[in-house]
Amino acid sequence: KDVTRQVLFDDPSLATQLRYFEVAPGGWTTLERHEHVHNVMVIRGRGSCLIGEKVHEIGEKDLVRVPPMARWGRPRSRPYLFSRSSCTKG
């Protein structure tokens, strides 16, 4: 809810994608689970990120690694911006 997304880089030959997200006040993302690793960097603001069964408070310049098949997402939180890179098996 209340999330914008932009793809900044996408190269299927490298099996990677870099995306930019903005989560508005009161917004959140869905819970997801993927076979590939996700790396998340918070650009601005603060929020929380669920990884597996644990909620982590995250803020500006934090880096978060989401392992394969871990349930993860951003529950309701304060506004923040982040970029995420995803690497899939080619």
Side-chain angles (χ1 to χ4, degrees):
K1 177 183 175 211
D2 296 324
V3 176
T4 59
R5 170 187 141 162
Q6 298 174 26
V7 176
L8 302 177
F9 176 82
D10 187 9
D11 187 340
S13 70
L14 297 175
T16 191
Q17 189 177 70
L18 177 64
R19 302 178 198 146
Y20 173 83
F21 292 80
E22 185 167 346
V23 181
W28 69 87
T29 63
T30 58
L31 294 178
E32 302 178 355
R33 189 177 290 192
H34 302 283
E35 293 182 5
H36 49 271
V37 171
H38 276 121
N39 296 296
V40 177
M41 183 175 87
V42 179
I43 306 295
R44 178 176 72 217
R46 302 199 58 76
S48 56
C49 183
L50 174 71
I51 302 174
E53 299 302 318
K54 187 172 181 184
V55 175
H56 302 268
E57 291 299 314
I58 56 177
E60 187 174 329
K61 298 182 183 174
D62 282 347
L63 299 173
V64 179
R65 180 182 183 278
V66 181
M69 299 311 295
R71 187 176 76 139
W72 76 288
R74 284 150 304 279
R76 293 177 189 266
S77 63
R78 297 171 295 284
Y80 66 105
L81 308 175
F82 65 94
S83 65
R84 177 176 88 188
S85 66
S86 303
C87 298
T88 59
K89 294 180 181 176

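- Distance CD/E22 to CD1/I43: 11.0 Å, rounded to 0.5 Å.
- Note that the OG1 atom of T29 and the CG atom of L50 stand 9.5 Å from one another [nearest 0.5 Å].
- Among residues two or more places apart in sequence or in another chain, the side-chain hydrogen bond (donor to acceptor under 3.5 Å, both in side chains) test is passed with D10 by Q17.
- Q6 pairs by the side-chain contact (heavy atoms from CB on, under 4.5 Å) definition with L8, Y20, not counting sequence neighbours.
- In this structure, the side chains of E35 and M69 come closer than 4.5 Å at one or more pairs of heavy atoms.
- Interatomic distance, CD1 of I51 versus CZ of R71, reported as 12.0 Å (0.5 Å rounding).
- V37 approaches P68 most closely through the heavy-atom pair CG2-CD, 3.7 Å.
- Across all their heavy atoms, C49 and I58 have their closest contact at CB-CD1, 3.8 Å.
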Task: Trace of the side-chain contact (heavy atoms from CB on, under 4.5 Å) decision for V64 with W72 - done: CA-CA 11 Å; V64 179; W72 76 288; over 6 Å; no

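- Closest approach of A70 and G52 over heavy atoms only: CB-N, 4.5 Å.
- Between H36 and H38, the two ring planes are perpendicular [angle over 60°; tilted spans 30° to 60°].
- Residues meeting the salt bridge (charged side-chain N to carboxylate O under 4.0 Å, His left out) test with R33, sequence neighbours left out: none.
- The two residues D62 and E57 make their nearest non-hydrogen contact at OD2-O, 4.2 Å.
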